[in-house]
Amino acid sequence: MSRFQSSSSHSPLKPATNSRGSSISANSRFRTPSTRSGISPTPKTPSGATDQVTTSSSLSIKEAIALRRAEAKKAQSKVSSNDFVSSEDASPLPVPKKDEEDILGRWPIRETIERARSTGHDDKIHLGITPDPLKSAPNEPVLPPSDPSDVPHRKGRGSNPTWYEAQDLLVLKLWNNEIVEIQHEISLFGSLKTLDLHQNKLTSLPSTIADLTALTSLDLSHNALTSLPDNIFALPALTVLNLSHNALTALPLNAPFASSIISARGKQSLGGSFFTPSITRATSPLPYLLVLNVSNNKISATEIDHEFPRTLTKVDFSNNPLGMAGSGCQSLMQALGALPKLKELRLESAEIGDDAFPDTLFMSPPFPSIQLFDIGQTQVTREVLEGALKGMKQDLSFDSTTEDPPSGIARVIVGKTIVKETWELELERREKIRKAKHADYDDVRQLPEKSTSRNATIAASQPRVEIVKEAWEIEAEQGLLTEGGKRRARAAASNKAQAEIGLDNPSDAPDQSPKLSASLLKNPQYYSQTTQTLTLPPSSPPVKGAAHTRTFSLASSKSSFSSKLRTDDLAVPTPSLPLSVIVSQPFAQTLKVLVLVNRRLDKSFSLPSVDGQDSFLPHLEELDLGGCGLTDLVPVSRHTVGGISTPPRSSEKILPLISKLFPSLRTLNLSHNALTSASLTPDVLSDLILSAPGRHGLKHLRLRGNALSELEGFQSLSEIFRGNRLVPEWKLDELDLRDNEIGKLPAELGLLPLDVLLVDGNTFRIPQRRVWEREGTKGLLSWLRGRLE
C-alpha cells in the first residue's frame, strides 16, 4: 500500500487533526511552517517560553510571518556555526555528497513533492494522503525530517520554491498501485481538477471526496467499489466520470437532492473562517457531465435514477444485469432517448431483451443526435429494434465498421458483432449490385405451364443452363457483321420505339430522339430498381474499312464491342452523358448510381436546358465515366422541349461542370480518360472535394490511366491541414492516381487524411515501391510527412 504525506496546500483547507484525533485550534491566525517531508511535527515548547507562545497568539498574520522568518534565520545561523569534534572535521573543504540517482530516471520523493508545489501537477509518485494513521497500518513509521542540504537535486536545479511560489495541486494521478484506502483529508486539495485512481484496490471512498468541487475528470475504474458517496453526484464542474469495472449495484443520481442535504441555493457551509470557506454544490445531478461510463458493474435498471444530465454525449451501460423483464428497462430507454445531445450509447453484453423495446416505447422521435447505438451480444432482435426506433429522424445502418457514420446516419449494432473494414463493405455493395442485375433476368424465366410427355417433365424439373455465346455469334444471328446490317438494325429499333409511343408517321415529330430513348431506359436491362442503378451500354466510334488484304476471318475484329450487343442498344442516345434523356425518366429523382463506361462514340454531354436550374439528379451518389476518352474540355449541347437550343455546342471544363451538375456526388470515376494536370487546379479541387452547403463532398476520386504529370492542385489543397488536422469539410478517403505520368510525388501530400492512396505505375522514383508495398497507405503518408520535417 502506498502512502502520501502532503507538505502544504494553498487551496481552501479544513482544520487538520493530529494522530490522536484532536483538532488544532481554529483561533490560530497563522499556520506552522511545514518541513521538507510534508509532516508538521508538534513543536516542543521549552520551559520559560510559555509567555512567548501566549503573546504570539495575539499577533496579526503579518507579524506572525515576520516572527517566523526571524526564527528561521536564527536557526540557520546556528546550523552554520558547527562545533568541530576534531581537526579532521574542521576541514575548510566541504565533502561532496554523491546524489542517489534512480535507475529509471525518476525524481526522488522529496524533490517530486517540491516540484508538485511549484507546478501544481503530481503524476509520478504513488502515495496516499493523510496525517491520520491508516486502518490497515496503524503503526506506520513516520518519515523523519531532513536537512535541506540532504535533498538531492538534478543538474541545473535551483533552490526549492518558497511558500509564496507554491502552486495549487491541479492534477493527481495515482493509478496502477495497490491503494486500499483514501482518507478524508483528500478534501484539503480543493483545487484538484483531475483525479485518477483507476487500477487500485479501493472498496470505499470517503464522503469528503465530494468536497473537491473543482473536479472535471474523475476516474475510479478497475477497483472494488460497492457504493459511492451521495454527494459525488452533486459535483458542479465534473465532465468525465468513469466507474467501470467495479461492483456497484445502483446509480443514485438523485440521492443528494432527495433530502435536505443541499439547500435551495446549492451551498453547504463547512465553516466561515479564512481556511474553511463554504463549498458550492450543484442543484441538479452533475449538470456539466459529458461522458458517463458504468460498464462491467452489477447495476439493474430499477436501481438507476433516470434524471440524467441533459449534456451527456456518451453513455456506457455495457455488461450490466439491467433486467430481462419489467418496466425498468423501458423507462430507462425512454430517459436515454430524451437526451438531446447523446451521440453514443453502448449496451453491449447487457442483460436486456425484446421486452424493453415495444413498438409504443417512444411517443416522440427518440435519440435526436445519436450516431452509434451498440446493443450487440444481447437478446434484442433486429426486427423488434427497428419497430421501436421507427420514429427516428436518422436513417438506420446495421453495418458494423470502424469508420464513423456519415451525417444523418445512425449506426445500430445488433447481435453478434462483426467489424468490417471499409473495403469489405464496398465489396459487398458491388456484389449486391451484380446479383441484382442477374436477378432481373432470372425473374423473366418461367417454366412451361403444361408438359404432356415424360421427357418434357424431366426437362422442366432440371435447372436451365445458360449457353454463353461469343460476340461474333450474337452479331451473326442479328445480322450485325456488316455496316449495312447495323444500319438496318438501328432503323428497326427506331421504328419499334416509335410504335411504342404511338407515332405512325415519324415525320410528325421532328425531334423525337429523347422520347424514343426515354422509353428504352425503363427497360430492366438498363435500370435496376433494387439498387437504383442505371447502366447504359458502351459505344465505339465507327471504324474505317480495312485495306485490301489476302486474308479474311469470320470472327469479329478487335474493334467490335467486347460486350454482348442487343438491337435495343442501337437506339440508346450516343453522347457519353445523355443527361437530357435521363432527367425525363420517372426514376430520376431517386437514382443513386449512374454507370457510363466506354461510351466513346460521341464524347460529349447532352444537358437539359431549364431556366434557373443547374443541378440535376439530387440523390446521385456515384458516377462512373471510365474509358470514355474525355479531355479537360468536353463538348456540351443543351436540349429544350422543342429541340436543341443555339448555339448547338459549346466547350466547358469537365470537372467544374460535374461538380455543378451533381451536388450529392460521393464517388467519381474518371479512370482511363485523357485528363491532364491543368484541370486539377486548387479552386476546382476545392469545389469538387470539400463539402459545402448544398454539396456533400467526394469520398472516392479515381483518376487512374490519365495524363497527369504533376499534383500542384493537391499540393496547394493540403495546406489547409498544416497545423490543423481536423477539417470538417474534408470527406475524401480514397484517391487513385495509378498509371499516370507523375514525375514527382510532393511531400505535402502526406498531410492529407486519406485511407487509400494508390500511386503505382507512375514515373517517379522517390519514394521507392517498397515504402507502400510493405506499410500501405499509412506508411506512404508517414514517409511523405517525414520529408516535410
Interatomic spacing from [atom1] in [X] to [atom2] in [Y] - rounded to 0.5 Å:
X    : Y    : atom1 : atom2 : result
R382 : L396 : CZ    : CG    : 9.0 Å
S637 : L579 : OG    : CG    : 10.5 Å
F587 : T533 : CZ    : OG1   : 10.5 Å
L342 : Q371 : CG    : CD    : 10.0 Å
L752 : F714 : CG    : CZ    : 8.0 Å
L591 : T531 : CG    : OG1   : 9.5 Å

Does a side-chain heavy-atom distance below 4.5 Å link [X] with [Y]?
X    : Y    : value
V595 : L536 : no
L577 : I658 : no
I413 : L372 : yes
E719 : L717 : no
L749 : L757 : yes
F721 : V727 : yes
L735 : L758 : no
N669 : L625 : no

What are the two closest heavy atoms between [X] and [Y], and how far apart are they?
X    : Y    : value
C628 : N673 : N-OD1, 3.3 Å
L630 : S576 : CD2-OG, 4.3 Å
E748 : L788 : OE2-CD2, 3.8 Å
G779 : V771 : O-CG1, 4.1 Å
P575 : R599 : O-NH2, 3.0 Å
A410 : M392 : CB-CE, 4.0 Å

I'd like to know if the side chain of [X] pairs up with that of [Y] as donor and acceptor (distance under 3.5 Å, no hydrogens or angles considered).
X    : Y    : answer
S606 : S580 : yes
D683 : T681 : no
R738 : N740 : no

Worksheet entry | Trace of the side-chain contact (heavy atoms from CB on, under 4.5 Å) decision for R722 with L751 | CA-CA 7 Å; R722 190 180 294 273; L751 299 175; 4.3 Å; yes

Salt bridge check, [Y] against [X]: does any charged N sit closer than 4.0 Å to a carboxylate O?
X    : Y    : result
K390 : E386 : no
D736 : R704 : no
D755 : K778 : no
D733 : K699 : yes
E622 : K592 : no

Discussion item. Please evaluate residues T667 and V593 with respect to the criterion side-chain contact (heavy atoms from CB on, under 4.5 Å), reporting the C-alpha separation (whole Å), side-chain torsions for both, the decisive distance (0.1 Å), and the verdict.
Written reply: CA-CA 9 Å; T667 301; V593 181; over 6 Å; no

Is a donor on one side and an acceptor on the other found under 3.5 Å between the side chain of [X] and the backbone of [Y]?
X    : Y    : answer
T535 : L596 : no
S615 : K660 : no
W730 : L732 : yes
T763 : I742 : yes
H619 : Q589 : yes
R702 : L668 : no
N706 : L670 : yes
S716 : E712 : yes
S677 : L708 : no
T574 : D602 : no

Item to complete: Could you please spell out the steps behind the salt bridge (Lys or Arg N to Asp or Glu O under 4.0 Å) verdict for R411 and D374?
Response: CA-CA 8 Å; R411 178 165 291 127; D374 187 356; over 6 Å; no

Practice prompt. Would you please test T676 and D632 for side chain to side chain donor-acceptor pair (under 3.5 Å) and show each step?
Written response: CA-CA 7 Å; T676 64; D632 297 344; 2.3 Å; yes

Practice prompt. Identify the residue among I654, L688, L685 that makes a side-chain contact (heavy atoms from CB on, under 4.5 Å) with S659.
Written response: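 Answer after filtering I654, L688, L685: L688.
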
Discussion item. Run the side-chain contact (heavy atoms from CB on, under 4.5 Å) test on H696 and S691 for me, step by step, so that the C-alpha distance in whole Å, both residues' side-chain angles and the decisive distance to 0.1 Å come before the verdict.
Written reply: CA-CA 5 Å; H696 294 173; S691 63; 5.9 Å; no

Item to complete: Check the pair L745, I766 against side-chain contact (heavy atoms from CB on, under 4.5 Å), reporting the backbone distance first and the verdict last.
Response: CA-CA 7 Å; L745 204 61; I766 298 176; over 6 Å; no

Worksheet item: Counting only heavy atoms not in Q715, do more than 12 fall under 6.0 Å of its CD?
Response: yes

Worksheet item: When the ring centroid of F616 is compared with that of F662, is the distance short of 6.0 Å?
Response: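 For F616 and F662, the ring centres are not under 6.0 Å apart.
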
Worksheet item: With under 30° as parallel and over 60° as perpendicular, where do the rings of F373 and F367 fit, or are they tilted in between?
Response: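 It falls in the tilted class, 30° to 60°.
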
